[in-house]
**Q** 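This is the structure, below, for whatever I ask next.
FYI, side chains are in, hydrogens and waters are out, and symmetry mates aren't considered; it's all heavy atoms of this structure.
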Protein chains: 2
Amino acid sequence: MDIGKKLKQVRKARGLSQRELAARAGLTNGTISLIEQNKTSPSVASLKSLLDAIPMSIAEFFTTIEESGSAKYFYRADEFTEIAPLGDAGGVSLRQLGNAMTHTLQLLDETYPKGADTGPELLCHAGEEAGIVISGQIEITVENQVRVLGPGEGYLFDSRLPHRFRNPGDVPCKVISACTPPTF
Amino acid sequence: MDIGKKLKQVRKARGLSQRELAARAGLTNGTISLIEQNKTSPSVASLKSLLDAIPMSIAEFFTTIEESGSAKYFYRADEFTEIAPLGDAGGVSLRQLGNAMTHTLQLLDETYPKGADTGPELLCHAGEEAGIVISGQIEITVENQVRVLGPGEGYLFDSRLPHRFRNPGDVPCKVISACTPPTF
DNA sequence: AACATGTGATCAGGATTTTAAACGCCATTT
DNA sequence: AAATGGCGTTTAAAATCCTGATCACATGTT
């Protein structure tokens, strides 16, 4: 976990000196020097100040820092991260594999409880999306087409088309889906 | 940037008390209390210790904190088209949703019979791929990492890395996977 | 050559985090 | 009801981070 090396790297990439960055971040050059030599572990507050001045998000900083170690390819079931759907959609669960920020492909484990609905305000975002129903039933509206899909059935369309998901059945519906690029 | 709230959230999600987490992380309960109340900004070293004990990567922690006419969209189960894997891989079944040629996203319903193996001639092609195991077990090799995944577990990696799939179990393994761009 | 300016590194001291122990609260047990 | 044990919070002291000044070195200017 070589924070110093990474900080130096992003600072240099911006063509900033320790003093310049320090001034922008409201810290001192000495602090940056110590951090870059890993002689101190900065507080999150300090690191955030520095990255705000770069600028770079803390998440991006750490995703690229952790990649330089042993890359992460595999995920336990509990490592899927729950993400929030756009607007509350009646208890829909969207569990995303990994950290989509750093990838062009997003895989989701979706669960639509009985009656769940992404709402009539049809969604719109760039990319393509596809999925397959594992269990239960899901009613999907794309553009002017509506269809109810059951286990083993799938969908594939351009995400820019207005679309909507709704569970018309009495049991939860589970869907594995993929999007490209990530949209949330 | 409410680190305290987020830390409390992930700690609770794991069902850990401040003391339990402190013990695992090599810190004290008081520290965690102060952090969760945002009365101090933890050093990155401390935060990493805490997240290692959760466990959760720092990157993941911060990504979730910062807050037609007759187009074909739907597919019956029998409309998935069987495609051939590169070389015979011991009876692997790859069933593709739709005609990937016209899309940037490819969704596959894969079945690996007992003993199936994509072979030691590790695959290499452009794009990213991800998947989730529905049933059975699959051993996946990516670069120099090997891992056996079971139901609910997933993978996500750059397809240019050499990789290999093998079913080491006694029952068929079913995987839903996505690739971008299509590679077969 | 002497000077000015820029770089990153170092050091004592002040500021902040972290510890270790005590505190108050609530629930369960004796 | 008193005692026990778990919870999160608080507090003084120890450990660590951060500052402000200084140092050594490099580069370019007069």
**Q** Mind checking whether B:F165 and B:Y155 have parallel, tilted or perpendicular rings, split at 30° and 60°?
**A** perpendicular

**Q** B:N38 CG to C:dT17 C1': how many Å, rounded?
**A** 14 Å

**Q** How long is the line joining CG of A:L50 and P of D:dC17, in whole Å?
**A** 15 Å

**Q** Would you kindly give the CG-to-P distance between A:L27 and C:dA15, to the nearest whole Å?
**A** 16 Å

**Q** For the pair A:R11 (side chain) and A:L16 (backbone), establish whether a donor and an acceptor sit closer than 3.5 Å, ignoring hydrogens and angles.
**A** yes

**Q** For residues B:L47 and B:L34: do they belong to one hydrophobic cluster (side chain heavy atoms under 4.5 Å, members Ile, Leu, Val, Met, Phe, Trp, Tyr)?
**A** no

**Q** How long is the line joining CG of A:L16 and C1' of C:dG8, in whole Å?
**A** 15 Å

**Q** Grab the CG-P distance between B:L7 and C:dT17 for me, whole Å please.
**A** 15 Å

**Q** Between B:S41 and C:dT16, is there a side-chain N or O to OP1/OP2 distance below 4.0 Å?
**A** no

**Q** Output yes when at least one side-chain N/O atom of B:S43 is less than 4.0 Å from OP1 or OP2 of D:dT16, else no.
**A** no

**Q** Measure from the side-chain N and O atoms of A:R19 to the backbone N and O of A:N29, and report whether any donor-acceptor pair falls under 3.5 Å.
**A** no

**Q** Measure all distances between protein nitrogen or oxygen atoms and nitrogen or oxygen atoms of nucleotides 9-11 of chain D, and list the pairs falling under 3.5 Å.
**A**
| residue | atom | partner | partner atom | Å |
| --- | --- | --- | --- | --- |
| D:dT9 | OP2 | B:Q18 | NE2 | 3.1 |
| D:dT9 | OP2 | B:S33 | OG | 2.9 |
| D:dT9 | O4 | B:N29 | ND2 | 2.9 |
| D:dT10 | OP2 | B:Q37 | OE1 | 2.9 |
| D:dT10 | OP2 | B:K39 | NZ | 2.8 |

**Q** Look at A:S17 and C:dT7 and indicate whether a side-chain polar atom (N or O) is within less than 4.0 Å of OP1 or OP2.
**A** yes

**Q** Whether the side chain of A:Q145 engages the backbone of A:V142 through a donor-acceptor N/O pair (distance < 3.5 Å, no angle test) should be reported.
**A** no

**Q** Counting N and O atoms only, with roles assigned by atom type, does the side chain of A:N167 sit under 3.5 Å from a partner on the main chain of A:P113, one being a donor and the other an acceptor?
**A** yes

**Q** In whole angstrom, give the distance that lies between atom CD1 of B:I35 and atom C1' of D:dT16.
**A** 14 Å

